[in-house]
Amino acid sequence: MSRYDPSTIEPKWQKAWDSAGTFLAKMSSDKPKYYVLEMFPYPSGNLHIGHVRNYTLGDVVARYKKATGHAVLHPMGWDAFGLPAENAAIERGINPEVWTRQNIANMKTQFAMLGLSLDWTREFATCDPEYYGQQQALFLDFLEKGLVYRKNAVVNWDPVDMTVLANEQVIDGKGWRSGAEVERRELTQWFFKISDFSEELLGALDGLDNWPAKVKLMQANWIGKSRGLEISFQRVDGGEVISCYSTRPDTLRGASFIAISPEHPVSRALAEDNTDLAAFIAECRKMDTTEAAMEKAEKRGLDTGITVRHPIYKDVELPVWVGNFVLMDYGTGAVFGCPAHDQRDLDFARKYQLDVQSAFHLPGADLEVGDVALVPAKTEKVVYIDHFAGLTEATSQEGIDATIDYCEHHGLGEAQTKFRLRDWGLSRQRYWGAPIPVVHCDACGVVPEKKENLPVKLPKDVTFDIPGNPLDRHDAWRSTKCPICGKPAQRETDTMDTFVDSSWYFARFTSPGSPTPTNAAEAEYWMNVDQYVGGVEHAILHLLYSRFFARAMHLTGHLPRTAIEPFNALFTQGMVTHAIYQTKRGQDGRPVYHFPAEVEPRDGKMVLIEDGREVEVIPSAKMSKSKNNVVDPVAIIEQFGADTARWFVLSASPPERDVEWTASGAEAAFKHLNRVWMLCDRIAGMDRNAPGEADEALLRDMHKTIRDVTNGIDSFGFNAAIAKLYAFTNVLQKSRASYGAQRKAVMTMAQLMAPMTPHLAEDIWANQGGTGLIADAPWPTADEVMLVESTLTLPIQINGKRKSEIVVAKDASKEEVEKIALADDAVIKALAGTAPKKLIVVPGRIVNVVI
RNA sequence: GCGGGCGUGAUGGAAUGGUAGACAUACCAGACUUAAAAUCUGUUGGGCCUUGUGCCCGUGCGGGUUCGAGUCCCGCCGCCCGCACCA
């Protein structure tokens, strides 16, 4: 009897696939194509268990689609630019490129252990000049098309390190290294005009039938289309009018102040001779640039002293305040405050003793406004007070429309459709990214680099001993010639946001060696991605930017019209979590985290092996190195093999939900694969000619399993598909059918398992004398005839609760079922001689007797 | 703060609006063994009694729609994700 030894069979089959070129993507004239893509990884250096899940999910789809006769494209690459490489350079003096290349090499070795059906001939990293050079070409084409422009925008500035900080580098308003309070600083930066596509990106969501509804909803809310009123308020002192945008203009009667952004031109002008205001604005600049920080911060304001006239109630004068909560980027940078119908405005008004006036009230309710603003849904009816357009009781939506019409008619303002979506700032003041291919010439201005000079390569001789962007101080690299006049000029030192890199890699995979960004024939054939798999954390930005890029690439001739929505189907998987084991340490009370290997269960509790102290268990926590709860896939593969790791992550939880990694679960997966192995072994050793029992029953079960597993894979119900395979293993293990039937059953089972545990499946296939590779074998089909049962069991409910069951013929008529149901003992007993009030028969499903 | 999602036994989870708890883990019991491990078999949502082919309760909490709700609707609570320079 042989032993299941993944450490020998896994490398063996990996080699076999490799030398046979099993997973090379080839265009085919007689097969439908299928493009499976998982979000490519950042090369952090080590494979994370979350990667194992992500790539296994995609691999199941890829292998299954190959078996169902598709020409499959399943590529892999590296999202290789970004901050961690610079951090490594700062902390350890290692060159970012060297660090990144080492990480890629290391992770690629780890990837190979997983046995993924990838076409590695298409591999690239975004830090390859061949890749980012094509990205620079795209940038130039976008620039020519007017899809790129420059404007000022704020960044987080560390005044001590004299450097721009990413949002994650700002902790509680302070720079992560220097600890200095960050400031907002304005810089001239490059932007993609994604806002030109707001309407289009919103409308096209409707067509994305195979995207999760939640992702589409999140994107729609992010784009944030709103119809509102832009209305002007005249300054009492005769200064320039202040224009406000509101999506609730029906609350105009309740306006009691105007709040303008600290960056509003009026704020800036007034600050010139108002030191208090200047100080307040300076104070406001000491805040993160994140929206979350803005929203969470205490609402503060300063009265500018100027007033405006209410556009409708001319005798009402409103004070103008500068508010730290007003965004300059949205609307007009000024809002009117209506405390009665906006909670934030109400809090603000209470704080600064501003007037509170209702514009409407709920029918039958009083006007008193306490500490809670009245913010009804737009579909709810309210009673308007003294409405200028003559409204009384109406829905808020009707109130909004009437107000807009009135104001337009009287020349007070105009209807405006606005989007929350802002243009995409792509400039980064950093080294480790794709250089923006433009040149600054004293004579010619900002000039695009010539395409023949691409790629603009990053210099390799850089140091990180001084904070800031090494490109800025690399004079030799910066010095160049103006592409127009040929005089000495300076290169742009900003590099591109890494979201740019990941916004078109899926297109590049269709022809990774092409001397242009894409190759028309290859892109035409392989696009779109038929199934995209990745984390829900990318639901908005990455996916929205990619949708924009696909459109921009179409406009510049790099993608066909059919590829403007690049991802036909999207699947968002959950995280892999792991329990945290902690003990509280004495004085400071800070928890001490323990590795899983340091604890064990004892008397129903988790204790430290070392001294038996009880350990607190926090289940299902996000994996984090600092919490010592990270599972190393390599260690798991060395212990149990890749098939066990794959089987476990697939079986433990539905793929869209978080899955908790548990040692017992991994062991159970391993045990099961061992059982399958032994089962296969037993069948191989059976007497070929001995008669068997119940061959047909086994084969019927097999066909049901084919049907259920196929449905499971089709619907991403991998955990349920695996449960069916468990059940079938139990059946097969107990079967006393003939050799022929059992061999058929185990080979079919191997095929059904092949997308999940490909190495084990190959081995079973070979051991049972299968032809060729199981990876090349066509997917088994369920025989309809074998699925049909002659009778079925129907549950009987009495008043909706299950009380009994009956067995009826498969094709029994409704009348027959009723008759049998009414003859059932439990029904007779419950009816006690009376007639049922109602009798519901759902054919093939259920009978409900209502009494 | 805003937007989105999730919540089912001791645990992971299953269930086109139609038998809640499939399948697995853990626990307990049994077989095998000198013993242990491994393996195999069986029990296990809670409660009640009259121990039955029994009754009642039960899918975060509170309401609602329906012949019928884990599933749909409304309101809470808790956790997770995103918030534009982390990837």
Side-chain angles (χ1 to χ4, degrees), chain A residues 39 41-42 44 79 81-84 153 155-156 164-170 189 194 212-215 217-222 224 289-297 299 325 329 343-344 420-430 497-499 501-502 535-542 544-545 572 574-575 577 601 604 619-620 622 651-654 656-660 662 664-665 667-669 671-672 674-675 678 717 719-720 722-727 730 733 793-797 799-805 825-826 836-840 842 844-851:
Chain A
M39 291 179 186
Y42 179 79
S44 59
D79 190 12
F81 277 134
L83 274 184
V155 293
N156 298 307
V164 177
L165 298 178
N167 284 336
E168 73 156 6
Q169 297 174 314
V170 179
Q189 308 197 63
I194 190 172
K214 63 175 174 182
V215 173
L217 190 56
M218 280 190 261
Q219 291 217 354
N221 288 335
W222 184 262
T289 56
T290 68
E291 195 180 304
M294 297 273 289
E295 296 272 340
K296 267 187 247 170
K299 308 296 176 266
F325 53 93
D329 293 322
Q343 191 59 47
R344 293 182 307 172
R420 207 184 73 101
L421 180 64
R422 307 199 295 258
D423 277 332
W424 170 11
L426 70 128
S427 293
R428 296 292 180 270
Q429 294 70 39
R430 280 186 235 298
D497 177 9
T498 56
F499 272 124
D501 311 333
S502 56
V536 72
E537 64 272 21
H538 296 291
I540 298 176
L541 293 177
H542 163 60
L544 192 62
Y545 289 158
T572 55
M575 287 188 301
T577 62
S620 292
K622 188 174 179 170
S651 67
S653 186
E656 68 277 12
R657 229 189 281 180
D658 288 352
V659 57
E660 179 164 354
T662 59
S664 59
E667 271 164 41
K671 278 185 198 171
H672 179 74
N674 269 291
R675 271 174 75 204
M678 309 237 273
N719 57 326
I722 284 179
K724 299 290 182 189
L725 285 166
Y726 267 104
N730 293 340
Q733 201 163 30
T793 306
L794 291 186
I796 305 285
Q797 291 183 337
N799 288 340
K801 292 193 179 192
R802 199 199 76 95
K803 293 291 172 183
S804 181
E805 58 186 32
D825 286 347
K837 243 187 223 167
K838 206 166 179 182
L839 192 58
I840 290 148
V842 183
R845 299 241 43 128
I846 204 161
V847 178
N848 190 9
V849 185
V850 185
I851 295 170

Under 4.0 Å, counting only non-hydrogen atoms across every strand here, what does [X] touch: a base, just sugar-phosphate, or nothing?
| X | result |
| --- | --- |
| L421(A) | base |
| S804(A) | nothing |
| V849(A) | nothing |
| K838(A) | sugar-phosphate |
| W424(A) | nothing |
| F499(A) | base |
| H672(A) | nothing |
| G717(A) | nothing |
| G665(A) | nothing |
| P212(A) | nothing |
| R430(A) | base |
| V155(A) | base |

Between Q169(A) and L217(A), who's closer to the 5' end of RNA chain B by nearest nucleotide? L217(A)
Mapping E537(A) and G425(A) onto RNA chain B by nearest heavy atom, which one lands closer to the 5' end? E537(A)
Say you pick atom [atom1] in [N] and the same atom in [M]; how far apart are they, in whole Å?
| N | M | atom1 | value |
| --- | --- | --- | --- |
| G58(B) | G5(B) | P | 28 Å |
| U25(B) | G17(B) | C1' | 31 Å |
| A24(B) | C57(B) | P | 31 Å |
| C32(B) | A26(B) | P | 23 Å |
| C72(B) | U66(B) | C1' | 10 Å |
| C56(B) | A38(B) | C1' | 44 Å |
| G54(B) | G64(B) | C1' | 33 Å |
| A20(B) | C55(B) | P | 13 Å |

Within this structure, what is the [atom1]-to-[atom2] distance between [X] and [N], rounded to whole angstrom?
| X | N | atom1 | atom2 | result |
| --- | --- | --- | --- | --- |
| R420(A) | G82(B) | CZ | C1' | 10 Å |
| E168(A) | C81(B) | CD | P | 15 Å |
| L426(A) | C85(B) | CG | C1' | 11 Å |
| N167(A) | A84(B) | CG | C1' | 8 Å |
| N221(A) | G4(B) | CG | C1' | 8 Å |
| R344(A) | G1(B) | CZ | C1' | 8 Å |
| R428(A) | C86(B) | CZ | C1' | 11 Å |
| R657(A) | C79(B) | CZ | P | 18 Å |

Residues in side-chain hydrogen bond (donor to acceptor under 3.5 Å, both in side chains) with [X], at least two apart?
| X | answer |
| --- | --- |
| N730(A) | R675(A) |
| Q343(A) | D347(A) |
| Q429(A) | Q189(A), D494(A) |
| N156(A) | N167(A), T289(A) |

Measure the [atom1]-[atom2] distance between [X] and [Y] for me, rounded to the nearest 0.5 Å.
| X | Y | atom1 | atom2 | result |
| --- | --- | --- | --- | --- |
| I722(A) | H672(A) | CD1 | NE2 | 8.5 Å |
| Q219(A) | I540(A) | CD | CD1 | 7.0 Å |
| M39(A) | H542(A) | CE | NE2 | 4.5 Å |
| K838(A) | N848(A) | NZ | CG | 9.5 Å |
| T290(A) | E295(A) | OG1 | CD | 10.0 Å |
| T498(A) | L83(A) | OG1 | CG | 8.0 Å |

All salt bridge (Lys or Arg N to Asp or Glu O under 4.0 Å) counterparts of [X], not counting sequence neighbours:
| X | answer |
| --- | --- |
| E291(A) | R420(A) |
| E805(A) | R802(A) |
| R430(A) | none |

Is the shortest heavy-atom distance from the side chain of [X] to the side chain of [Y] under 4.5 Å?
| X | Y | value |
| --- | --- | --- |
| L544(A) | L421(A) | yes |
| K803(A) | V849(A) | no |
| N799(A) | V850(A) | yes |

Based on the glycosidic angle (syn within 90° of 0, else anti), state the conformation of G9(B). syn
Looking at the base of C85(B), is there any donor atom on it, or on the side chain of Q189(A), that sits under 3.5 Å from an acceptor on the other one? yes
Heteroatom pairs (N/O) under 3.5 angstrom, protein to nucleotides 17-20 of chain B:
unit_1 : atom_1 : unit_2  : atom_2 : d
G18(B) : N2     : Q797(A) : OE1    : 3.1
G18(B) : N2     : N848(A) : ND2    : 3.3

Under 3.5 Å, which protein N or O atoms sit close to an N or O of nucleotides 45-54 of chain B? Give each pair with its distance.
none

Pairs counted as Watson-Crick or G-U wobble with both distances under 3.5 Å: what dot-bracket string results for RNA chain B, using | for bases tied to another strand? (((((((..(((.....[....)))(.((((.......)))).)(((((..).))))..(((((..]....))))))))))))....
For nucleotides 22-24 of chain B, which of its nitrogen or oxygen atoms have a protein nitrogen or oxygen under 3.5 Å away, and what is each distance?
unit_1 : atom_1 : unit_2  : atom_2 : d
A24(B) : OP1    : N730(A) : ND2    : 2.9

Counting side-chain heavy atoms from C-beta on, which of G13(B), U25(B), C85(B) comes nearest to Q429(A)? C85(B)
Qualifying residues under ring-ring contact (aromatic ring centres under 6.0 Å, His included), relative to Y545(A), sequence neighbours excluded: W424(A), F499(A)
Would you indicate, yes or no, if G13(B) has its OP1 or OP2 atom less than 4.0 angstrom from a side-chain nitrogen or oxygen of S653(A)? yes
